[in-house]
Amino acid sequence: MIGGLEIIIGLPLLGALVVLLLSRRDTVAAWVGVAFGSATLAGSVVPWAATIDDGGGYVARSDTAWIRALDVRWALGLDRLSAPLVVLTALLSWCCLVALVRRAPSCGARPGLVALVLVLESASIGTFAALDLIVFFVFFELVLIPMWFVIADWGDEHDPVGRRRAATRFLVTTVTGSALMLVGFLLLHARTGTFDVTELPSRAGQIGAGTQVLVAVLFLLGFGAKVPVWPLHFWLPDAHSKAPTVGSVLLAGVLLKLGTYGLLRFWADVPDGAVRVAPYLGALGVVGIVYGALACLAQTDLKRLIAYSSVGHMGFVLLAISTLTEQGRLAANFANVAHGIITALLFFVVGAVKDRVGTTELAGIGRALYARAPHLGAAFGFAAVASLGLPGLAGFWGEMLSMLAAYSPAAALSRSTYVVFMVVAGLGAVLTTAYFVVAIRRVCQGVPDRDAVGDVGRDEWVAWSPLVASVLALGIFPVIMLWSGSASALAGRR
Amino acid sequence: MTQAVDWVAIAPPLSLVIAALTALLVDAAWPRVRVLAGLVSLTGVVVALGFTMSGRNEARSTFCFADGELPTSCSWLVDDVTSAWWLIMLIATALVVLLLWTAAVSGELPAGELHFLVLASAAGALAVAAAQDLITLLVAMETVSLPAFALVGLRRVDRRGAEAALKFFITSVVATALSLLGISMVYGATGSVAAGPVAASIASGNAVTPVIGVGMVLTVVALGFKVAAVPFQAWVPDTYVGAPIPVAGYLSVVSKAAGLAGLTIVLVRFLATYVDTWSTMVGVAAALTMTVGNLGALRQRHIVRLLAWSSVAQAGYLLVPLAAGGLPEDVTALQAYALMYAVVNLTAFAAALAVASWGKSDLADCMGLARSHPWIGGSLAFALLCLAGLPPGVVGLVAKVAIFRSAVDGDLIWLAVIVGVNVAIGLVYYLRFLAVLVQPAASDVAGPAGVGAHDEDDHWAGLDRAVPWSTEFVVGITLAAAVVLSVFPGLLFSAIS
Amino acid sequence: MPLLFPLVVSSALFGIGVYVVLARRHAVLVLMGVELMLNAVNLNLVAFDAWWHDTFDSGQVLALFVIAIAAAEIGLGLAIVLVVFRTHRHVDVDNLRELADRDAPDPERVAGASS
Amino acid sequence: MTLLVLLSLLIAAILSVAVGHRDDRLPPLLGVVGAMVAWIGSVLIGVQQWGMGATAASTGTGQVATGGLPISVTLRVDQLSASMLVLATSVALLVQVYSVAYLRGDPRYPSYTAFVGVFTAAMALVVMADDLFVLLVGWEVMGVCSYVLISHHWELEPARSGAVKAFVMTRLGDIGLLFGFFVLGKAAGTYRISEIVAAARGGEITGHEATAAALLVLCGVVGKSAQFPLHSWLPDAMPGPTPISALIHAATMVAAGVFLVARLLPVFGLSDVAMNLLAAIACLTMVGSALFALAADDLKRVLAWSTVSQLAYMFAALSLGGYAAGVEHLLSHGAFKALLFLAAGSVIHAVGTQRLDGMGGLRTSMPVTFVTMTIGFAALAGLPPFVGFFSKDAVLGVAADQAANGSAARGWLVLVVGVLVAGLTSAYATRAWLMTFFGPRRGHATDVAPHESSWLMLGPMVVLAGLSVVGGAAVVKPGFLGVDAEGAHLPVVLVSLAVALGGAAVTVVQWQRLRRADPALALGRLRPVLAREARYDDLVGALVVRPTGWAARFTRLNEEDVVETYVGGVDSSGQWAARLVRWTHNGNAQRYVTAVVIGAVAVAVVIGVVGPS
Amino acid sequence: MTTVEVLFVLMGVLAVGSALLVALSTNLVHCALWLVVTLGALAGCYLLLAAEFVAWVQVLIYMGAVVVLLLFALMLTRAPIGRVPDLDGPNRVVAAIAGLATTAMLVVSFVAGFRGTRITVGADDIGSTHAVGATIFGSWVLPFELVSVVLLAALVGAIVLSRRRAAEVAD
């Protein structure tokens with residue numbers, strides 16, 4: 001059975017194959033990639049629109065037996081939780097593909113990278129669309145190898161050993177986590193007898209409290225390694241700073257979301273366990289917010305700075321998830337999308353800076369980007385301001401709603417604890433402001449101390465403008481994701 | 001009271017034995033037509049495979065002995081589990097025969113004896129999977145081992161082959177001796193060597209303790225040795241490196257499968273009552289095996305040695321379903337994993353053979369292999385991914401899922417977690433290998449794309465003798481199988497059940 | 001006769017066999033050690049057979065098979081020893097180290113070097 | 001109409017950025033036209049609200065789901081917002097016109113005028129919002145616009161650091177504001193301001209909740225309106241272009257804080273704690289900033305501190321429930337402070353420095369500036385008949401009322417401090433006036449003789465001066481803003497006027513005594529302390545900024561050393577374990593056999609001892 | 001103690017004693033000869049346990065064939081006839097511990113399991129050639145056939161390993 005989602009998942013894969021076949025013809029391959037990316041993006045909007053029309057259930061479902069012996073079904077479908085993330089994935093992949101058309105990667109051949117981006121896109125969409133735990137797991141793992149190649153073979157051209165180490169570290173950490181996650185999935189299956197995502201929440205009653213806690217912890221560790229939750233973040237800065245631009249974009253914009261999406265989706269299956277573990281997740285999230293902000297404040301490398309800022313932003317998402325309320329779920333989902341777009345834009349801009357000056361070290365970039373490349377500086381300023389959560393831009397709603405959710409967490413959770421979390425998160429937001437304005441001051445402002453560099457090219461504008469537009473659109477019209485039905489749809493999960 | 005023989009039940013091993021003898025005789029009769037022996041043995045394997053497939057779905061037992069007082073017990077039982085093992089073993093044997101093809105045809109190795117030994121050993125492996133009493137089991141194990149000793153040492157002029165054969169031989173016979181001691185103790189404690197009576201004796205509490213416990217442990221030594229479980233793994237790297245590569249592949253798959261089949265029989269059919277005890281024992285062994293295997297592989301540079309250590313680690317994973325209690329679902333998981341492992345591991349060994357045919361053995365020699373020889377290098381890369389259990393090697397992933405599921409369903413969460421950590425450790429070296437395979441040559445980094453390809457050809461120039469067609473064929477069909485199974489992992493399970 | 005008599009003898013023989021296998025360097029001596037171990041097993045089997053009055057004579061039959069297998073092992077083993085002697089000019093078991101796992105790996109070389 | 005105001009400004013801003021680079025003349029034109037349209041719209045709204053007696057009108061029905069209470073995207077215009085709107089757009093229009101001359105030839109004009117437009121629109125959004133979060137959007141957009149505009153001259157270090165300081169400090173307060181909104185929403189069951197106010201009036205919000213909400217909102221207000229303890233960013237924001245200072249100080253940004261308290265006064269009214277705190281903050285800020293103004297040696301800084309001080313008056317009035325007085329003073333202050341800044345800009349434009357010791361004797365060379373600024377200073381000092389006199393009087397009147405009957409302590413505090421600061425105000429106003437326009441030309445400033453500015457700059461000043469003169473009549477008009485203004489309290493008026501005159505007189509005397517040198521020298525050893533603003537920045541630096549820096553450096557070290565060490569440790573321990581495994585496989589077959597035997601025996605012993613029995 | 005028991009103890013002591021000499025002798029050929037003694041003593045034990053057929057097979061195959069093979073092997077590997085000082089590897093201590101541990105474990109478990117158990121020998125003709133032959137071909141056909149495969153494989157293996165091929169001869 002070939003449903004709409006199979007097409008959306010299959011198109012990029014097919015594209016990857018075609019690109020590889022065309023690999024002798026560099027530019028053609030890149031254009032073919034864009035074509036497939038565009039088709040996928042267009043296709044991804046359809047189910048998203050359908051989720052809005054639909055009553056809140058799953059759309060574009062397909063369900064066939066896949067591995068009978070393991071009770072695994074090839075089940076796909078999207079709901080209001082996953083559909084926006086699919087669109088996000090398609091959008092960011094499209095931007096990456098467009099960005100590759102005119103600018104070849106600094107090392108490694110272009111067609112390979114284009115193909116890998118397409119594979120990553122396909123796998124990520126598959127992860128979001130999977131309605132069977134094992135199918136989810138397969139797609140979840142499918143993301144890894146392409147990303148490993150992206151970092152290890154197309155990464156920082158000055159440091160082949162370091163980029164491979166960073167890639168392997170990323171992979172090993174995530175795989176360890178995903179193995180734990182798999183154990184959690186299998187425990188769920190052992191107790192409920194199904195891998196069906198749509199069925200599981202209603203069967204939570206069949207799981208004993210102790211198992212629920214265990215599963216919740218396993219999910220916390222498993223997805224936490226991916227998100228990454230605070231003490232498990234050690235792989236992130238390296239991976240980002242060694243990855244090529246498109247790698248960073250997809251890593252931050254899509255891959256991290258797999259973790260938060262997983263927590264959002266699957267903690268609902270073990271409500272009693274989640275209640276026990278949630279305060280710890282909230283605490284880790286809040287620690288991540290402050291820790292990430294502090295790490296950024298003293299950071300001297302722009303890419304690492306953005307990487308650490310992701311730790312902080314993901315902290316907000318985690319805080320929202322840990323409230324276990326519909327409000328929190330909505331907030332987390334919004335923050336997911338917003339962070340994806342904004343951080344992607346930041347990485348694109350920093351990548352552009354790196355293309356021009358050859359480094360992301362603050363000292364190497366020099367000052368006064370506003371003077372040396374006004375549009376580039378302005379783009380960085382815009383992305384930074386969006387990232388620090390300015391109301392009217394996308395980042396605000398996620399952060400605000402997260403804190404709002406923390407203000408009234410689920411009844412079973414200690415409200416005073418969460419109010420403390422909220423306050424600390426708020427202080428973290430102030431620190432976030434601080435490090436971004438300090439970074440702007442350091443990079444964009446000041447007296448030009450070296451030559452002007454090429455400003456943003458037309459191709460770059462083409463790649464970035466959807467992101468800028470999305471940041472504005474989501475900021476000014478948050479109803480795109482926060483319409484009155486979106487909350488009730490998420491409520492349907494439980 | 002002569003035993004009735006059900007010829008259908010013993011047809012597959014029998015056809016192997018007949019093919020083995022025929023190959024020997026044919027080669028003796030027409031020594032110049034070396035290809036004959038290979039054809040004969042391949043035919044034998046295919047016939048055996050045919051018998052196996054046609055005999056599925058119905059359990060047959062034969063060589064039964066009844067004595068009125070005791071319940072009837074049989075030495076030979078062919079059920080679904082046995083058929084599945086046979087399937088795995090026969091497929092692997094066919095692949096090994098193909099891998100040995102060129103060596104036999106070129107006269108590098110004596111064709112008739114070579115095929116005779118392989119098939120004799122494989123017949124033993126089949127017998128292990130069907131054996132229902134300890135005597136048959138032990139003799140069958142020896143049928144697997146003895147020809148294997150000879151196979152390992154077959155390259156007689158090779159110092160390393162001789163050394164490997166001696167090491168393999170000594171460790172193996174000591175393990176066999178320990179196993180025999182264990183069998184004697186089980187016999188002493190229960191008064192029987194057949195599955196039914198032994199199990200009944202243990203279940204009724206009549207078995208003499210602690211003799212039965214010690215006997216149980218010692219009995220599985222030879223099986224653990226075949227599986228390469230810690231602490232019986234030490235021979236593996238040395239032997240694999242010294243043996244002809246197809247033989248190493250044989251040892252890592254067929255011989256290991258025989259060990260697992262025997263282990264399953266001993267634990268499930270004989271010692272079911274002690275499941276709590278041996279499940280912990282096997283669980284600890286599994287954890288140690290995969291850890292030691294992965295650590296051993298972590299810093300390897302020699303291709304075959306790396307594969308050897310990796311096969312030790314894989315043995316650890318393979319033990320997990322047994323640790324989970326060896327229930328029918330667990331055995332299914334075990335066999336699914338074993339089938340996957342058989343296919344992709346032989347891909348890897350076939351690729352190693354191809355590389356070795358260029359006179360290379362070091363990881364560094366494989367630099368850029370996936371680019372210069374996409375067929376071999378790509379297959380090897382895919383096989384490594386399957387072994388690592390990462391998509392696109394979905395079949396490996398699904399097999400690992402089955403393993404994990406066994407552990408979780410058997411309430412061995414700790415073991416599942418250890419497996420998870422080990423999968424991650426394993427990644428490190430699989431990926432290192434993978435990275436070497438796909439690494440562009442230095443010139444490719446510097447120059448524009450497309451120019452590098454020529455330089456790589458130079459890189460391999462002079463050593464680029466054609467890979468034997470049989471090796472390429474094996475690579476091809478195993479890769480195809482792995483890819484198909486990756487898309488339809490359900491086939492993996494339907495193949496064995 | 002107490003069953004323990006043969007069992008203790010076999011235990012002692014097995015232990016001695018173990019010692020011989022582990023301590024003796026000469027491959028042929030190692031094979032002798034293996035023979036000792038197998039014979040110890042046989043004694044066990046025969047003793048248990050006598051004790052159980054086994055209708056199927058499992059113990060004795062197995063003992064016979066063990067003897068046969070031992071002969072086969074010795075035959076093949078000696079052939080291997082001869083091959084080793086032919087290639088190494090000695091048969092000291094603990095002195096066969098060519099296959100030892102000792103090549104010092106250098107990950108950098110694997111990862112970074114061009115050929 | 002409400003949308004017209006917002007959209008005209010935003011569209012002008014977008015166009016300015018988009019096409020402004022094509023032609024130098026476009027951005028100024030766009031800025032002025034946008035502001036003009038917005039102003040016309042505002043005036044129409046104002047006419048509807050005041051003149052035609054229209055009731056408050058809401059527009060917009062959009063809702064944003066939050067999973068809890070929805071956010072309503074609703075605008076609502078009442079008399080207060082209409083007044084604020086007119087004030088904001090008027091000042092913005094004047095500033096846009098003024099900037100045409102002031103920033104002529106500036107390459108960053110497009111973005112400058114765009115941000116001024118967005119800034120104004122954000123303020124308009126704040127005053128028109130009927131939902132807390134919509135208000136917050138405007139509130140924070142203002143913050144970022146002020147950040148950008150303050151750092152307009154980003155090649156200058158003070159501009160950069162002033163902008164950072166302004167943004168971070170206000171944002172710190174804003175977090176409190178955000179939490180305050182959470183509390184309010186939860187307490188009232190809605191985020192709509194009109195409904196919250198109704199709920200507060202109807203007693204549906206408990207005192208407890210009101211206190212929490214009010215205190216948290218106060219954080220934001222204190223940050224935005226530069227009250228103690230978040231007051232120090234405003235003077236440091238002075239490196240921004242002077243028209244921006246006018247905009248920030250007169251009609252937007254800092255006014256938003258006062259506006260918000262006025263809006264939510266019913267909520268504040270439920271909490272004595274909040275009101276007391278507000279009064280205390282106001283009084284402390286009032287005195288402190290007046291003193292700092294007295295000693296500051298930078299003209300714009302004097303004006304900045306005067307803003308802080310005047311805002312404190314407004315808060316003082318609000319803390320006594322004096323809604324009308326507070327708003328009146330806000331409006332009148334808007335007029336004269338805009339005037340003062342624009343005039344100061346004119347001066348600075350002429351002499352090329354902001355420092356008082358670079359000015360002097362300018363009354364002859366810049367007559368129009370001199371006259372208008374004199375009016376401004378007079379209004380600031382609260383001298384009749386200028387607008388400042390009336391509004392300040394209203395504030396003191398409320399205080400006197402409350403002192404007489406009502407919250408006596410709070411009333412007396414505000415009254416005494418207010419009167420005292422009236423004297424200080426007139427003293428520093430006089431000082432600045434004298435130092436700018438009288439005496440000899442000081443310093444080493446430009447060789448070029450100062451000259452009067454262009455009429456593009458003078459025009460707005462004249463308009464504002466006119467307003468400052470006649471505005472008094474408007475603000476005391478009964479029924480203004482729908483509240484009955486109180487009649488003047490003659491004794492209070494007389495006393496405060498006397499004190500003000502006294503302050504001015506003392507200053508003049510000192511000026512003469514010191515031979516036309518800085519009268520602040522008379523403060524003696526107090527002067528350096530005040531000039532350094534009581535070392536508040538050093539205190540904040542020691543208590544907040546530096547510890548944060550340490551924490552950040554510590555975090556980074558932790559990442560680079562500790563975390564890296566542990567991760568690397570896992571790495572290398574794996575490598576060592578691998579070495580160990582390899583070492584045990586040394587090729588000695590007997591060792592392998594030993595492992596087999598000992599392993600088997602050991603397991604057998606274990607099983608034999610503990611095993612199946 | 002019956003005569004049988006006394007004889008068995010003697011045989012056992014002989015077997016163990018000569019086995020010890022196999023383990024400790026420094027002369028390779030002596031080792032082989034002591035092994036013969038051990039095997040012979042064991043054959044005696046089998047007889048005493050009424051395993052007649054096993055005993056004769058032991059004598060024929062072990063003492064007759066295996067030991068001869070071993071001696072041939074010693075000659076072919078040009079083993080020194082006299083004393084060899086370094087016949088034991090450095091592993092001796094560990095080996096001794098392992099051997100003792102094995103014995104101890106076995107003895108302990110046997111004693112714990114079979115203390116006081118007695119064998120009654122000679123009541124039936126269990127160990128006779130006829131009886132054993134009947135059971136082998138009645139009940140154990142399958143392993144018997146498998147053993148034939150093993151033996152054949154060993155034979156072929158031994159031949160293929162030992163045969164010198166033309167190429168090697170040419171070397």
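Letters A, B, ... mirror the listed sequences (proteins, then strands); counts begin at 1.
If you measure heavy-atom distances from Ala405(A) to chain D, you find no contacts under 4.5 Å at all. Within the 4.5 angstrom heavy-atom criterion, no atom of Leu393(A) approaches chain D. Within the 4.5 angstrom heavy-atom criterion, no atom of Tyr566(D) approaches chain A. Contact annotation for Ser111(D): neither backbone nor side-chain heavy atoms come within less than 4.5 Å of a heavy atom of chain A.
The closest side-chain heavy-atom distance from Leu362(A) to Leu305(A) is not below 4.5 Å.
Asp455(A) has no carboxylate O lying under 4.0 Å from a charged side-chain N of Arg372(A), or vice versa, which leaves the two without a salt bridge.
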Should Tyr147(D) and Thr170(D) be marked as a side chain to side chain donor-acceptor pair (under 3.5 Å) after you check the CA-CA gap, both sets of side-chain angles, and the distance that decides it? CA-CA 10 Å; Tyr147(D) 161 74; Thr170(D) 54; over 6 Å; no
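When the candidates Leu156(D), Val134(D), Val168(D) are compared by the number of heavy-atom contacts under 4.5 Å with chain A, Val168(D) comes out ahead. In terms of non-hydrogen atom pairs under 4.5 Å with chain A, the most contact-rich of Leu557(D), Leu172(D), Val563(D), Val570(D) is Leu172(D). Of the listed residues (Phe179(D), Phe167(D), Trp154(D), Phe554(D)), the greatest number of heavy-atom pairs within a distance under 4.5 Å of chain A belongs to Trp154(D). Of the listed residues (Met400(A), Arg165(A), Gln299(A)), the greatest number of heavy-atom pairs within a distance under 4.5 Å of chain D belongs to Met400(A). Options Val385(A), Val423(A), Leu401(A), Thr325(A) differ in how many heavy-atom pairs under 4.5 Å they form with chain D, and the most are formed by Val423(A). Counting heavy-atom pairs under 4.5 Å between each of Pro107(D), Ala163(D), Ser161(D) and chain A puts Ser161(D) at the top. For the set Val290(A), Leu431(A), Thr300(A), the entry with the most heavy-atom pairs within less than 4.5 Å of chain D is Thr300(A).
For His233(A) and Tyr291(A), the ring centers are positioned less than 6.0 Å apart.
Remark: Arg329(A) fails to qualify as a cation-pi partner of Phe334(A) under the 6.0 Å distance and 45° angle criteria applied to the six-membered ring.
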